[in-house]
A.B. asks: 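First the structure, which I've put down as structure tokens, then a few questions once you've had a look.
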Amino acid sequence: MNFRSYLILMTFSTLAAWSAWVVVLNAIDPTESGWLGFLLFYSTFTIAFFGSLSLLGIAVRFWAKQETLPVRITLKAFRQALLLTTLFVVSLLLFSQGWFRWWTMLLVLLIVGFIELTFVSNERTLEHKNYPDAT
């Protein structure tokens, strides 16, 4: 699959996920649906939000760094969209359960931050192994 096909497929999938989320919002009553309504709400929202952040990350990185390979841009945007989506959805889940406090959010932020720091430090280690003269 080439980069253009990926972007087209990701755009259509994201639009379909947003459409599904709107249908879930309008058609499902959370007081009567039980756990299935919440599962549909969070799953469609997670997919739609992830797709939007991923496409936005690709667009911003592609605009800012035209000399970088599209595969690297896509992988970095994909990873960061996944982390931000996880952060946002966990925040929503904590808020819906009444567990949203400043210290729980700080803990979630630290976990997500350490995961991103691990990826960034791993990338730099690989760059220095491949190019010993790089600064």
Side-chain angles (χ1 to χ4, degrees):
M1 175 183 293
N2 61 14
F3 185 63
R4 184 174 181 219
S5 305
Y6 171 78
L7 285 179
I8 291 170
L9 182 65
M10 190 70 163
T11 303
F12 283 133
S13 300
T14 302
L15 291 174
W18 279 118
S19 300
W21 184 68
V22 168
V23 167
V24 167
L25 269 182
N26 291 325
I28 295 179
D29 183 13
T31 59
E32 294 179 10
S33 63
W35 64 271
L36 183 61
F38 286 108
L39 179 71
L40 288 173
F41 173 81
Y42 281 110
S43 62
T44 56
F45 180 74
T46 301
I47 293 168
F49 196 67
F50 170 71
S52 298
L53 286 178
S54 182
L55 287 172
L56 182 66
I58 290 170
V60 168
R61 282 181 180 79
F62 197 67
W63 175 74
K65 300 178 183 181
Q66 283 96 10
E67 72 275 354
T68 307
L69 292 172
V71 172
R72 291 182 188 224
I73 290 172
T74 304
L75 287 175
K76 189 177 281 191
F78 199 82
R79 180 188 75 227
Q80 290 178 348
L82 183 64
L83 289 173
L84 285 173
T85 301
T86 302
L87 178 70
F88 194 73
V89 171
V90 166
S91 300
L92 284 176
L93 285 169
L94 289 172
F95 194 75
S96 72
Q97 298 301 314
W99 299 340
F100 189 83
R101 306 284 186 267
W102 68 269
W103 53 272
T104 56
M105 275 316 301
L106 182 64
L107 182 63
V108 172
L109 276 171
L110 284 173
I111 291 169
V112 169
F114 280 130
I115 291 170
E116 178 63 19
L117 185 64
T118 303
F119 279 109
V120 169
S121 66
N122 193 19
E123 285 176 0
R124 292 206 175 147
T125 303
L126 290 175
E127 285 177 6
H128 286 289
K129 283 183 182 178
N130 292 336
Y131 305 106
D133 296 334
T135 56

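Throughout, residue positions are numbered sequentially from 1 according to the sequence presented.
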A.B. asks: Hydrophobic clustering (ILVMFWY, side-chain heavy atoms < 4.5 Å, transitive) - are Ile111 and Trp99 grouped together?
C.D. replies: yes
A.B. asks: Ser54 side chain to Phe50 main-chain N or O, any donor-acceptor pair under 3.5 Å?
C.D. replies: no
A.B. asks: Looking only at heavy atoms, what is the nearest atom pair of Ile47 and Ala17, with distance?
C.D. replies: CG2-CB, 3.7 Å
A.B. asks: Do Leu94 and Val108 touch side chain to side chain, with heavy atoms closer than 4.5 Å?
C.D. replies: yes
A.B. asks: Would Phe49 and Tyr42 show up in the same hydrophobic cluster when neighbours are defined by side-chain heavy atoms closer than 4.5 Å?
C.D. replies: yes
A.B. asks: Taking the side chain as every heavy atom from C-beta outward, state whether Tyr6 and Thr74 have any pair of such atoms under 4.5 Å apart.
C.D. replies: yes
A.B. asks: So with a 6.0 Å cut-off around CZ of Phe3, is the heavy-atom count from everything else above 12?
C.D. replies: yes
A.B. asks: Any idea which heavy atoms bring Ser91 and Met105 closest together, and the distance?
C.D. replies: OG-CE, 3.0 Å
A.B. asks: Any chance you could measure Leu109, atom CG, to Trp103, atom CH2, to the nearest 0.5 Å?
C.D. replies: 14.0 Å
A.B. asks: I'd like to know if Val24 and Leu93 are part of one continuous hydrophobic network [Ile/Leu/Val/Met/Phe/Trp/Tyr, side-chain heavy atoms within less than 4.5 Å].
C.D. replies: yes
A.B. asks: In Å and rounded to the nearest 0.5 Å, what is the CG to CG distance from Leu40 to Leu25?
C.D. replies: 11.5 Å
A.B. asks: Is any side-chain heavy atom of Trp18 less than 4.5 Å from a side-chain heavy atom of Phe45?
C.D. replies: yes
A.B. asks: From Leu110 CG over to Ile115 CD1, what is the distance, rounded to the nearest 0.5 angstrom?
C.D. replies: 11.0 Å
A.B. asks: If you look at every heavy atom in Leu83 and Val112, which pair is closest and at what distance?
C.D. replies: CB-CG1, 4.0 Å
A.B. asks: Say whether, by atom type as modelled, one donor and one acceptor occur between the side chain of Arg101 and the main chain of Gly98 under 3.5 angstrom.
C.D. replies: yes
A.B. asks: Do Trp21 and Phe12 sit in the same hydrophobic cluster, where Ile, Leu, Val, Met, Phe, Trp and Tyr count as joined when their side-chain heavy atoms come under 4.5 Å apart?
C.D. replies: no
A.B. asks: Does Leu9 share a hydrophobic cluster with Leu53, counting links as ILVMFWY side-chain heavy atoms below 4.5 Å and allowing steps through other members?
C.D. replies: no
A.B. asks: Start with the C-alpha distance between Ile28 and Phe41, add both sets of side-chain angles, then the distance that settles side-chain contact (heavy atoms from CB on, under 4.5 Å), and finish with yes or no.
C.D. replies: CA-CA 9 Å; Ile28 295 179; Phe41 173 81; over 6 Å; no
A.B. asks: Shortest non-hydrogen contact from Ile58 to Ile73?
C.D. replies: O-CG2, 3.9 Å
A.B. asks: Measure the CZ-OG1 distance between Phe114 and Thr118 for me, rounded to the nearest 0.5 Å.
C.D. replies: 8.5 Å
A.B. asks: For the CG atom of Leu15 and the OG atom of Ser52, what is their distance to the nearest 0.5 Å?
C.D. replies: 8.0 Å
A.B. asks: Just by distance, do the side chain of Thr104 and the backbone of Phe100 share a donor-acceptor pair under 3.5 Å?
C.D. replies: no
